[in-house]
Amino acid sequence: MPKELEKKYDPADFEDRLYEEWNSKGYFRPNKPGAKPFTIVMPPPNITGQLHMGHALDNTLQDILVRYKRMCGFNTLWVPGTDHASIATEAKIVEQMRKEGLTKEQIGREAFLERAWEWNRVYGGRITEQLKKIGSSCDWTRKRFTLDEGCSAAVKDVFVKLYNDGLIYRGNRMVNWCPHCETSISDAEVEYEEKPGNFWHLLYTVKETGEKLELATTRPETMLGDTAVAINAEDPRYAHLHGCHVILPLLNKEIPIVCDEHADMTKGTGVVKITPAHDPNDFEVGQRHDLPIVRVFTYDGRMTGAEDKRAAEEAAAKDKLSVNEPIVLDCGKYAGMTTMEARKAILADLEAGGYLKEVEPLKHDVGTCYRCHTVIEPMVSKQWFVRMEPLAKPAIEEVKSGSLRFVPNRFSKNYLHCLEHSRDWCISRQLWWGHRIPAFYCDDCGELVVSAEDTVLCPKCGKPMRQDPDTLDTWFSSALWPFSTLGWPNDPEDLKTFYPTTVLVTGYDIITFWVSRMIFSGLAHTGKKPFDDVLVHGLVRDGLGRKMSKSLGNGIDPLEVIKTYGCDALRFTLVNGNAPGNDMRVSDERFEASRNFANKIWNAARFVLMNLDTDCDPDRIDTKDLPDEDKWILSQYNRVIREVRENMDRYELGVAVGKLYDFIWDVFCDWYIELVKARLNEKGTASNLQAQQVLTYVLSGTMKLLHPFMPFITEEIWRSLPHKEDSVMISDYPAYDEAMNFPVEEAAMRKVIDAIRAVRNLRSEMNVSHSRKAHLHIVTHETATFAGKEKFFLRLAYASGVELHEVAPDATGCARAITDSCEILIPIADMIDKVEELARLNKELAAAEGEVARAQGKLANESFVAKAPAALVDAERAKLENANSKLAKLRAAIAQIEAL
RNA sequence: GUGGGCGUAGCUCAGUUGGUUAGAGCGCUGCGUUGACAUCGCAGAGGUCGUUGGUUCAAGUCCAUUCGUCCACACCA
């Protein structure tokens with residue numbers, strides 16, 4: 001027997017309870033062995049983070065897909081997990097220690113890592129608890145962490161494999177250095193910000209000719225590291241200087257003038273100073289001309305001194321890798337200054353020496369660290385790199401060939417662009433929290449061993465080895481996530497069943513960081529693409545369209561929204577009316593509208609339940625002898641099933657949920673329930689039982705259709721109705737059934753509804769109160785269509801009685817509501833103003849005439865009739881016929897009233 | 001510089017492979033509350049789909065042009 005629902009819709013009453021139950025009963029685990037798998041691996045949120053709207057959106061989309069596919073019979077797995085977020089977490093812990101007056105170096109690596117793990121224990125679980133609040137039906141028994149044993153094993157394996165294949169190398173290369181985080185970062189982690197600056201025009205003296213050579217720079221403090229100036233070989237202005245030298249001011253050092261294509265004749269004076277250690281382009285020039293690399297900055301953003309020089313020489317001596325080894329300069333009087341202090345001091349000295357010609361203000365984009373927004377220092381530094389070209393190639397092909405799809409497709413351009421232009425990936429980080437690089441050095445003989453096994457003694461000379469102190473870029477481990485979480489390489493059970501995964505759901509802001517790296521890693525290490533599809537969503541913005549951020553304080557906390565409006569309202573808001581890949585705005589108004597929808601469903605269900613007194617079958621229905629209104633709703637319900645499934649299979653979640661919204665509110669609540677209310681009062685009749693059956697069948701099925709979007713309210717209602725399975729989430733998603741199409745009954749009901757609307761419209765325009773009932777005369781040639789449906793007019797068209805006529809009776813004193821299938825006479829003469837009524841009818845006449853003209857025009861076009869699909873032409877003819885029919889009735893009515 | 005998004009009702013946005021008289025939510029106007037729901041119902045006003053041209057029987061949808069706006073990537077001595 002159905003059970004009652006609480007009078008008031010209060011999601012807090014049942015959301016947590018239902019989630020707990022689902023989880024404890026194991027419904028989130030893959031439960032259909034042998035069935036076709038459907039797999040999603042959750043983009044792992046950072047352990048430093050709190051759940052924000054972006055996570056809420058990302059995980060809601062995944063949960064909708066997973067719940068849908070689960071109900072469609074797939075063996076469904078959604079793997080959750082978290083990311084150790086090396087740089088972010090390390091920064092938080094350093095900050096925490098700073099408040100205690102401690103530094104990393106003081107407590108040492110081991111103690112530091114202990115603190116980090118403690119942080120993970122305390123906060124790492126926080127975000128997963130929050131994910132439960134939004135209803136995520138992921139398999140928590142398979143929860144993973146990028147630093148757990150399995151993921152770490154995968155990282156080591158991949159590193160060693162790539163090294164052995166020559167795809168990872170160590171070398172002195174130009175990297176982006178963050179002086180605040182004191183680590184290198186990858187190109188993808190640099191953000192450009194426009195900042196004001198200057199061109200300082202400097203004068204360097206040519207040794208051979210004594211002339212002053214003018215050049216401009218935005219970074220005068222790097223001049224101490226200049227090892228050449230470049231001119232273009234084609235530049236006639238400087239043809240006489242080929243092979244000459246300039247004297248570097250302040251240092252009084254002789255450096256060559258080189259010819260290089262990097263010097264652009266059209267820019268500035270056509271002369272460029274070359275600082276190979278501190279500028280990416282200059283580094284390239286230096287390579288081409290075999291220039292020395294002179295480093296003048298320390299890793300914490302100061303000018304180098306004697307101490308730095310000695311330390312660097314010692315380190316270089318130990319390391320057998322000495323290609324491109326920078327020379328460290330003792331900057332003398334500038335040593336120890338910050339780069340900004342040095343800039344001032346150097347400029348002052350240049351000016352005093354007559355080397356500064358002019359200062360020209362400009363705005364330029366400066367690279368900053370995406371974590372701390374400190375200005376990035378390009379720096380030659382010894383780091384580990386992944387060779388991108390061989391890895392990118394197959395990853396590009398995979399998408400170009402269409403084997404791996406982006407949804408919407410436009411994001412594949414984004415992806416291809418980033419892979420086609422990527423430079424080698426700097427993967428080493430001067431951090432402690434992360435996967436330590438599995439490389440071991442012998443300081444004695446210089447031997448280097450790269451191995452997944454800890455190597456304590458040098459295989460060559462037997463002396464103790466030292467592990468590389470650096471860790472790997474967080475994204476190096478994230479790149480392996482789709483297969484490392486499924487047991488690769490050691491425990492391939494899940495891998496066999498669930499890999500490649502089906503779809504990755506993520507925001508467009510992370511395609512370059514993560515998606516591209518997962519794709520080339522998957523191809524390289526498993527030989528297969530990591531997923532078939534990438535469903536890309538946009539960013540969540542506030543009501544004013546601004547990106548949510550801490551500094552603006554405009555972030556909306558999803559948990560607060562859940563408290564106020566319920567989880568289902570939050571989820572509905574995040575998918576309704578949003579197109580894939582587009583940014584969206586959320587606001588209280590939208591949450592409120594969603595909550596109102598939930599409330600509407602709740603009350604409709606309550607109404608159905610209070611009228612159920614039999615145990616109906618929720619899954620089967622006998623359509624024999626059902627009245628038209630029942631077949632009408634069943635037919636529409638059937639169509640919604642088909643459309644929703646089609647939309648879901650194409651990732652058009654917003655369209656699918658919009659159709660359910662319309663069906664539930666406009667069709668089921670506003671019309672069907674109203675149409676059957678009378679029958680529900682006729683207890684004990686066959687008609688009453690049929691209505692109960694149809695209500696149960698449609699409502700139960702609709703709750704299934706809606707369940708992926710609004711899991712909690714649908715479960716609570718579905719269980720109150722007669723049901724067979726324990727939970728709606730493990731029931732079968734409704735399927736389209738050809739036998740449930742009733743086009744004739746649908747058309748008939750549409751005519752009845754049109755007539756009811758026409759009456760309501762007229763009464764409303766004439767300001768007739770609902771309490772003023774009237775006896776209606778329906779005049780129609782289609783009496784069969786209207787026969788037996790007079791009762792609907794009593795309640796819905798405020799009628800006191802209804803008569804059907806084939807031939808119009810005397811219409812004196814009647815207002816006329818006109819549709820294309822009938823004319824309804826309403827005897828409310830005292831309410832009718834002749835002028836107003838004529839105006840109203842004429843307005844309708846104009847509309848009908850417009851429609852007739854449009855349809856006639858179309859049909860008069862021979863090309864249309866000849867070339868358009870026949871069904872379309874027929875439809876147009878039917879429309880013309882209907883419009884003409886309505887037109888005739890309107891004209892007659894107007895003539896009659898005018899004659900009065 | 002290269003690539004891309006957006007421009008549809010007062011506001012925020014849908015509009016699926018081109019095919020009804022272009023839709024929704026919020027807001028607005030009028031009416032309505034004795035048993036599903038005022039977190040509601042009924043009715044209504046409001047749009048030449050940024051501009052101009054083209055393809056097509058047919059364009060909000062495809063192509064080109066142009067304006068506005070936002071983003072990504074690149075360069076910037």
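Here is the naming used below: chain letters follow the sequence lines, and residue numbers restart at 1 for every chain. Because the structure is a prediction, the values reported are computed rather than measured. Hydrogens, waters and symmetry mates are skipped; everything else that's a heavy atom, side chains included, is used.
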Before accepting this row, confirm whether a basic side-chain N of the pair Asp874(A)/Arg877(A) lies closer than 4.0 Å to the acidic partner's carboxylate O. yes
Interatomic distance, Asn409(A) CG vs G5(B) P [rounded to whole Å]: 11 Å
Looking at G41(B), which nucleotide sits across from it as a Watson-Crick or G-U wobble partner, both distances under 3.5 angstrom, or is there none? C31(B)
Is any NZ, NE, NH1 or NH2 atom of the basic residue among Glu765(A) and Arg840(A) found under 4.0 Å from an Asp or Glu carboxylate oxygen of the other? no
A14(B) OP1/OP2 closer than 4.0 Å to side-chain N/O of Asn582(A): yes
If you check the Ala868(A) side chain, which of C57(B), U16(B), A74(B) turns out closest? C57(B)
With nearest nucleotides of RNA chain B determined for Met584(A) and Leu872(A) from heavy-atom distances, which residue corresponds to the more 5′ nucleotide? Met584(A)
Hey, is the side chain of Asn414(A) poking within less than 4.0 Å of OP1 or OP2 on C71(B), counting only N and O atoms? no
Side chains of Asn603(A) and Tyr9(A), donor plus acceptor under 3.5 Å: no
Contact under 4.0 Å: Asn761(A) side-chain N or O vs G44(B) OP1/OP2: yes
Do you see a donor-acceptor pair shorter than 3.5 Å between the side chains of Lys273(A) and Thr275(A)? yes
Nearest-nucleotide 5' precedence on RNA chain B, Ala188(A) against Asp662(A): Asp662(A)
Whole angstrom is fine here: how far is it from CG in Asp583(A) over to P in U12(B)? 14 Å
Atom-to-atom span, CG of Asn767(A) to P of A43(B) - whole angstrom: 15 Å
Indicate, with a heavy-atom threshold strictly under 4.0 Å, whether His417(A) touches base, sugar-phosphate, or nothing. sugar-phosphate
Measure from the side chain of Arg760(A), starting at C-beta and using heavy atoms only, and say which of G5(B), A43(B), G25(B) lies closest. A43(B)
Of the candidate nucleotides G5(B), C75(B), G19(B), which contains the atom at the shortest distance from the side chain of Asn281(A)? C75(B)
Over how many whole Å does the gap from Ile511(A) atom CD1 to G4(B) atom P extend? 14 Å
Anything under 30° is parallel, anything over 60° is perpendicular, the rest tilted; go ahead and classify Tyr672(A) against Phe668(A). parallel
Let me have a per-nucleotide readout for nucleotides 34-40 of chain B, 5' to 3', with B, S or -, counting only protein heavy atoms under 4.0 Å. --BB-BS
Parallel, tilted or perpendicular, as decided by the 30° and 60° cut-offs, for the rings of His770(A) and Tyr798(A): parallel
Check the phosphate of C31(B) against Arg763(A), side-chain N and O only, distance under 4.0 Å to OP1 or OP2. Yes or no? no
Base-pairing mate for A74(B) - Watson-Crick or G-U, with both contacts under 3.5 Å: none
N or O in side chain of Lys413(A) less than 4.0 angstrom from G3(B) OP1/OP2: no
To the nearest Å, give me how far apart CG (Leu539(A)) and C1' (A72(B)) are. 12 Å
For the side chain of Ala579(A), starting at C-beta, report the closest nucleotide among G15(B), C57(B), U16(B). G15(B)
Given atom CD of Glu765(A) and atom P of G44(B), what is their separation to the nearest angstrom? 7 Å
Got a donor-acceptor pair under 3.5 Å from the side chain of Asp365(A) to the base of C75(B)? yes
Under 4.0 Å, heavy atoms only, any strand: does Val768(A) hit a base, just the sugar-phosphate, or nothing? nothing
Under the 3.5 angstrom rule, does the side chain of Asp583(A) hit a backbone N or O of Leu539(A) as a donor-acceptor pair? yes
Look at all strands and tell whether Asp279(A) reaches a base, only sugar-phosphate, or nothing, counting heavy atoms closer than 4.0 Å. nothing
Mind checking Phe411(A) for me? I need base, sugar-phosphate or nothing, with any heavy atom below 4.0 Å counting as a touch. nothing
Between Thr368(A) and Glu191(A), is there a side-chain donor-acceptor contact under 3.5 Å, judged purely by atom types and distance? no
